Amino acid sequence: MHWKTTLAAVVLACNATVATAETMGDGKALLGAAVAELKTKGPDAAIQEFNSGGKWVKGNMYVVMADFTGVMLVHSANQKIVGKNMFEVKDATGRLFVQEAIKAAQSGAGETAIPLRWMNPTTKKIDSGHIIVTRASGKDAYVGAVYFE
């Protein structure tokens, strides 16, 4: 009987892990919704809505936005970061991902995915993920969706 309980716990743990894993398509969909929100409501109203969390946090995905100096305008999963300059921040591998995001958005390359090792808001552990960014309409900034694999 004891092995059945252990097996059930393992199955539930695996299902929970799978349920929080996101895909590039999920990240692109969240970014697309954020881009549409910026165009529809304008930057100021959209920024306020993104920072309220709500539908802008889905599982372990969330919306971010930073101006081209690295100041965070939006972090839908952690409002404590809003207003902080993240230009020099590195991920767990030493990658200057905010600088990469700014360069990608400034280049006009469209949606760009940047890999990173960052704290997953669901597990509270450093995990592999991506930030997908594009230039924010009406601002010298990028808007992005962060998701964890």
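All values derive from a computational prediction rather than experimental measurement.
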Novice: Looking at every non-hydrogen atom in both residues, tell me the closest pair between Ala66 and Met72 and how far apart they are.
Specialist: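 Shortest heavy-atom separation between Ala66 and Met72 comes out as CB-SD, 3.7 Å.
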Novice: Looking only at heavy atoms, what is the nearest atom pair of Gly53 and Gln79, with distance?
Specialist: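 Taking every non-hydrogen atom into account, N-NE2, 4.3 Å.
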Novice: Strictly by side-chain hydrogen bond (donor to acceptor under 3.5 Å, both in side chains), give each pair with a member in residues 50-59 just once, sequence neighbours left out.
Specialist: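 Those involving residues 50-59 are Glu49-Trp56.
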Novice: What about Leu30 and Phe148, same hydrophobic cluster or not, with Ile/Leu/Val/Met/Phe/Trp/Tyr joined at side-chain heavy-atom distances under 4.5 Å?
Specialist: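 The answer is no; the residues belong to distinct hydrophobic clusters.
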Novice: Can you measure from CG (Leu116) to CG (Asp127) and round to the nearest 0.5 angstrom?
Specialist: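 Reported value, rounded in 0.5 Å steps: 10.5 Å.
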Novice: Quick check for you: to the nearest 0.5 Å, what is the distance between Tyr142 atom OH and Lys103 atom NZ?
Specialist: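 Going from the OH atom of Tyr142 to the NZ atom of Lys103 covers 13.0 Å.
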Novice: Could you note down all residue pairs passing side-chain hydrogen bond (donor to acceptor under 3.5 Å, both in side chains) where residues 82-92 supplies at least one of them, sequence neighbours left out?
Specialist: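 Pairs touching residues 82-92 that pass the test: Asp91-Thr93.
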Novice: Which heavy-atom pair separates Ala136 from Met65 by the least distance, and what is that distance?
Specialist: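 Looking at all heavy atoms of both residues, the closest pair is CB-CE, 3.7 Å.
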Novice: Side-chain heavy atoms nearer than 4.5 Å, only ILVMFWY residues, links allowed to pass through others: does that put Val74 and Leu31 together?
Specialist: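 Same cluster.
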Novice: Tracing side-chain links under 4.5 Å among I, L, V, M, F, W and Y, which residues wind up in one group with Val82?
Specialist: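 Traced through the cluster, Val82 reaches no other member.
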Novice: Nearest 0.5 Å, please: how far is CD in Glu149 from CG in Asn60?
Specialist: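 Those atoms lie 10.0 Å apart.
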Novice: Restricting to pairs with a member in residues 65-96, which pass ring-ring contact (aromatic ring centres under 6.0 Å, His included), not counting sequence neighbours?
Specialist: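 Every pair satisfying ring-ring contact (aromatic ring centres under 6.0 Å, His included) with a residue in residues 65-96: Tyr62-His75.
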Novice: Enumerate the ring-ring contact (aromatic ring centres under 6.0 Å, His included) contacts for residues 110-137, please, sequence neighbours excluded, ordered by first and then second residue.
Specialist: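 Applying ring-ring contact (aromatic ring centres under 6.0 Å, His included) to every pair that reaches into residues 110-137, excluding sequence neighbours, yields Phe97-Trp118, His130-Tyr147.
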Novice: Quick check: closest heavy atoms across Val143 and Ala34, and the distance to 0.1 Å?
Specialist: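 So the minimum-distance heavy-atom pair works out to CG2-CB, 4.1 Å.
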Novice: Output all residues satisfying side chain to side chain contact (heavy atoms under 4.5 Å, CB included) with Gln48, sequence neighbours left out; order by chain, then residue number.
Specialist: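 Applying side chain to side chain contact (heavy atoms under 4.5 Å, CB included) to Gln48 gives none.
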Novice: Can you tell me how far CE of Met119 sits from CG of Asn78, rounded to the nearest 0.5 angstrom?
Specialist: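 One gets 7.5 Å once the value is rounded to the nearest 0.5 Å.
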Novice: Among Ile132, Val133, Val35, which residue satisfies the side-chain contact (heavy atoms from CB on, under 4.5 Å) criterion with Glu111?
Specialist: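 So the option named by the test is Ile132.
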Novice: Please round to the nearest 0.5 Å and tell me the distance separating atom CD1 of Ile102 and atom OG1 of Thr69.
Specialist: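 The CD1 atom of Ile102 sits 7.0 Å away from the OG1 atom of Thr69.
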Novice: Do Val64 and Met61 belong to the same hydrophobic cluster, where Ile, Leu, Val, Met, Phe, Trp and Tyr are linked whenever their side-chain heavy atoms lie under 4.5 Å apart, directly or via other members?
Specialist: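 No, it is not one cluster - the side chains of Val64 and Met61 are not joined through contacts under 4.5 Å.
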Novice: Are side-chain heavy atoms of Lys139 and Leu38 found at a separation under 4.5 Å?
Specialist: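 When only atoms from C-beta onward are counted, Leu38 and Lys139 do not touch, as no gap falls below 4.5 Å.
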Novice: Looking at Pro43 and Ser137, what are the two nearest heavy atoms and their distance?
Specialist: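 Smallest heavy-atom distance, with atoms named: CG-O, 3.7 Å.
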Novice: May I ask you to decide if Val63's main-chain N or O and Ser76's side chain share a donor-acceptor pair within less than 3.5 Å?
Specialist: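 Between the backbone of Val63 and the side chain of Ser76 there is a qualifying donor-acceptor contact (under 3.5 Å).
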Novice: Where do Val146 and Ile131 land on the side chain to side chain contact (heavy atoms under 4.5 Å, CB included) test, with the steps shown first?
Specialist: CA-CA 4 Å; Val146 177; Ile131 178 171; 3.9 Å; yes
Novice: What's the shortest heavy-atom distance between Ala141 and Leu73, and which atoms?
Specialist: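 It is CB-CD1, 4.1 Å.
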Novice: Is there a path of hydrophobic side-chain contacts, each under 4.5 Å between heavy atoms of I/L/V/M/F/W/Y residues, joining Ile126 to Ile81?
Specialist: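 Ile81 does not cluster with Ile126.
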Novice: What is the distance from atom CD of Gln99 to atom CD1 of Ile114, rounded to the nearest 0.5 Å?
Specialist: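 It is 11.0 Å, given to the nearest 0.5 Å.
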